[in-house]
Amino acid sequence: MSDPRTPSMPDADALIFLSGGGEAGAMMRAHDWSRSSLGHPSSWPQALRTVVALMLNSKFPMFVAWGEQLGFLYNDAYIEILGDKHPASLGAPFKQVWGEIWDDIGPIVERALQGEGTWWEKLPLLMNRHGYDEQTWFTFSYSAVRDDSGAVGGVYCACVEATEQVLGERYRKEENERLVTLFEQAPGIIAVLRGPEHMFEIVNKSYQQLIGHRDIVGKTARAALPEVEGQGFFELLDQVYATGEPFVGHAVPLKVERDPGAPLELRYIDFVYQPIRDPLGNVVGIFVEGSDVTPRKQIEDELRAANRQKDQFLAMLAHELRNPLAPITTAAHLLKMGTLDAKAVRNASEIIARQAEHMTSLVNDLLDVSRVTRGLVALEKEELDVNEVVAGALEQVRPLIESRRHALTMELSGEPVHVLGDRTRLVQVLSNILNNAAKYTPAGGQIALRVTAHGDRVTVTVTDNGIGIEPDVLPYIFDLFTQAERTPDRSQGGLGIGLALVKSLIMLHGGTVDARAARGGGSEFEICVPRLDVPVPAPLAGAAEEAPQQAPLRVLVVDDNQDAAELLGTVLEVQGHAVSVEYDGRGALLRARRELPQVILLDIGLPDTDGYALARQLRAIPELRTAVLVALTGYGQPEDRRQAQEAGFDHHLVKPADLNLVAEILAEVQASR
């Protein structure tokens, strides 16, 4: 007996509702419905037929679940949603088709079966349609389908998958959050202004930091930053908004109130005003981007100032070196003529000596400041009485003070005040300051020197009533190459490095130096250094007896500069010594073997060898092992002195050699023989 739900010869007119429908319609027409709870389509009620016909001819994803087991029917558009569940889902129970999400949709199905239509937007569903679980989102509606008797016979669904939309929205949201984070953390200033009134819509932390962390979002530029009025920024915003042309500014000065009630602070900013346009091309806002370049601007200004100082210094150096060269050259020509009497010769010689000493002083200043700024100066510290250091400095400067007829007032501490310092360097510091006081105080002026001790500090103050220091120069008075304005003839001279050297040397002593305007005009310099509690031991009683007259020495002078060698030889001969002169290493070695000099003054840079190698050769001669070797060189660094000592030199003198030091060395040799 045949199944009543599957007639052997179905009426073609009865299946007209399955016509068309693409792949899904063809499947329904060819499907074996004998195993389905739905039965053959010819037996389906009219309500189901109507819904299926509508569904098969729709391009929108749809399905209908009918009967007690909710047999599943769907159209072509729904096949993609089913994935691998197609085609086995056709006619299968709804719960079997979507068992993995039944906990989510089962209650919704029940509501539809109760006659309640529902709408769901972007409902998340964890589906398994390709052999693995995947998160999906769907927008759909469930509605009841009634049979011919009016009872609910099934559920109809129209749906659309929103997975790509949800993921796209999520990506855009995350991207926006990243952009906001980058916006907030950007080192440059960023802001967005809207409308012709330039209302702040967005500002980042850097912008807030620039203007002082005030609440400006939602305010117009003029209301948010009233102190900027008149500086040109608002006018630029108006111009960019009106013309649509961007504006780029470089190191533009901005005066802004960064703290409530505080004075305006000057900042420099690089920035761009970029117009924002709507889809029609109309300007609707301005994007502001830039950076606070105040530190860079300050460095650039300092570099430019330093470059100007360098140029001024080079011009000054050329001038200062030419000044003594002129009288030296003139006096040398006069001596060369040989027509001068004894007085004129003595006068010309004194001029040359005096001007050469001045040039030596300039070069020594340059070498000193170079060594100090590079950290190459090693102080030879000892316990000193500051009062004695002051006396030593005054001894050097007193001739200048007396020649300018200054009145010097000195107030010492009244008791020994001890410091740990380098005597030579501290005398150099004080004599430099006293020299300035004497030079820049008009003739007949007043100079006061005072030594005081307070607790663990010793202070030396030098005050004058001279021309003083301009207020704009005062903050930089201890900077290298800084010098106040001079008269066109620069009669006072100097390279502008003395006070820089003073500051560096005092800092090496752990002290400080300050300059200020003195009351009633002039200048006041104050040096402060740490005080020692332990006094300097008293000197031994008794004075050294005057050394008896010593016999002359055999001296060999070796220098490839013939003028320098001959002049030094002449000076030593005048002092009574037997002097020989050579100009290269080979001649010096031969002469030394022949004459066995007791003292050899040896230039380091020779044309055929260097003085270090020659010194080692001389020391290899048995008869010369006790000879005193004195290095003459233009290099006076500690490394140069070490090399000279290793090569066998007993003394190291920097050119031009101090003749007093040469005389002292020779006197020591005489006393030891």
Side-chain angles (χ1 to χ4, degrees), residues 122 165-166 168-304:
K122 300 175 183 175
Q165 180 184 356
V166 170
E169 290 173 350
R170 179 174 294 180
Y171 174 79
R172 286 191 293 273
K173 180 180 178 182
E174 292 173 352
E175 191 68 16
N176 286 338
E177 289 175 352
R178 283 194 293 270
L179 289 174
V180 169
T181 301
L182 290 174
F183 181 91
E184 283 295 319
Q185 297 177 350
I189 59 174
I190 300 177
V192 174
L193 295 86
R194 293 287 183 179
E197 296 299 319
H198 319 304
M199 181 175 292
F200 282 101
E201 183 177 77
I202 304 174
V203 293
N204 72 340
K205 291 181 180 179
S206 294
Y207 196 99
Q208 289 280 9
Q209 183 178 5
L210 173 67
I211 63 171
H213 298 284
R214 65 184 91 176
D215 184 14
I216 64 173
V217 174
K219 298 179 181 179
T220 65
R222 286 178 168 85
L225 304 170
E227 73 274 19
V228 180
E229 186 70 56
Q231 298 184 42
F233 291 93
F234 299 149
E235 292 77 5
L236 286 174
L237 288 171
D238 294 338
Q239 174 184 321
V240 172
Y241 194 91
T243 65
E245 296 294 328
F247 178 84
V248 179
H250 297 287
V252 179
L254 166 69
K255 294 181 180 178
V256 64
E257 184 182 294
R258 305 186 75 187
D259 293 307
L264 296 184
E265 184 176 336
L266 178 62
R267 310 298 295 179
Y268 292 90
I269 56 173
D270 287 349
F271 66 95
V272 176
Y273 285 166
Q274 181 69 39
I276 301 172
R277 299 181 183 271
D278 63 14
L280 298 178
N282 299 315
V283 177
V284 294
I286 296 176
F287 176 75
V288 181
E289 189 275 330
S291 56
D292 184 348
V293 296
T294 304
R296 187 192 76 192
K297 180 67 165 55
Q298 291 171 342
I299 292 172
E300 290 174 350
D301 289 347
E302 290 171 1
L303 288 174
R304 279 192 288 269

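- Other residues, nucleotides and ligands contribute only 12 or fewer heavy atoms inside 6.0 Å of the CZ atom of Arg170.
- Pairing each heavy atom of Pro246 with each of Gln274, the nearest pair is CB-OE1, 3.6 Å.
- Side-chain contact between Leu266 and Leu254 is absent, with no heavy-atom pair separated by less than 4.5 Å.
- Here the closest non-hydrogen pair linking Pro275 and Val240 is CD-CG1, 3.9 Å.
- No salt bridge links Asp301 with Arg296; every basic N to acidic carboxylate O contact stays at or beyond 4.0 Å.
- A centroid separation of 6.0 Å or more is found between the aromatic rings of Tyr273 and Phe233.
- Without hydrogens or angle criteria, Asp270 side chain to Ala251 main chain gives a donor-acceptor distance under 3.5 Å.
- What you find for Leu236 and Phe247 is that their closest heavy atoms are CD1-CE2, 3.6 Å.
- The only member of Arg172, Lys173, Gln165 that meets side-chain hydrogen bond (donor to acceptor under 3.5 Å, both in side chains) when paired with Glu169 is Gln165.
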Could you walk me through whether Lys122 and Val166 pass the side chain to side chain contact (heavy atoms under 4.5 Å, CB included) test, one step at a time? CA-CA 7 Å; Lys122 300 175 183 175; Val166 170; 3.9 Å; yes
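- Nearest heavy atom pair, residue Phe200 against residue Leu225, reads CZ-CD1, 4.2 Å.
- Val293 is not listed as a side-chain neighbour of Ile269, based on a closest heavy-atom distance of 4.5 Å or more.
- Within 6.0 Å of NZ on Lys205 lie no more than 12 heavy atoms contributed by other residues, nucleotides or ligands.
- Crowding of Glu300 atom CD: a count of heavy atoms from other residues, nucleotides or ligands under 6.0 Å exceeding 12.
- Residues Glu289 and Phe271 are not in side-chain contact: their nearest non-hydrogen atoms beyond the backbone lie 4.5 Å or more apart.
- In this structure, Ser291 contributes its side chain and Gly188 its backbone to no donor-acceptor pair below 3.5 Å.
- Contact record, Glu235 with Arg222: N-NH2, 4.4 Å, taken as the closest heavy-atom pair.
- Atom CD of residue Gln239 and atom CZ of residue Phe234 lie 15.5 Å apart, to the nearest 0.5 angstrom.
- Two residues are said to be in side-chain contact when any heavy atoms from C-beta on lie closer than 4.5 Å; Val288 and Val272 fail this criterion.
- The backbone N or O of Ile190 lies less than 3.5 Å from a partner atom in the side chain of Asn204, making a donor-acceptor pair.
- Side-chain contact check for Arg194 versus Ile276: some heavy-atom pair is nearer than 4.5 Å.
- The main-chain N or O of Gly244 is found under 3.5 Å from a side-chain atom of Arg277 such that the two form a donor-acceptor pair.
- Taking 4.0 Å as the cut-off between side-chain N and carboxylate O, Arg214 and Glu227 count as a salt-bridged pair.
- Closest of all the heavy-atom pairs between Leu237 and Ile286 is O-CD1, 3.4 Å.
- To the nearest 0.5 angstrom, Leu210 atom CG is 7.5 Å from Arg267 atom CZ.
- Among pairs with a residue in residues 241-264, those fulfilling side-chain hydrogen bond (donor to acceptor under 3.5 Å, both in side chains) read Arg258-Glu265, at least two apart in sequence or across chains.
- Side-chain atoms of Tyr207 and Asp292, non-hydrogen and from C-beta on, never get closer than 4.5 Å to each other.
- Within the 4.5 Å cutoff, no side-chain heavy atoms of Gln231 are placed close to those of Val252.
- A cation-pi contact, defined as under 6.0 Å to the ring centre and within 45° of the axis, links Lys297 to Tyr268.
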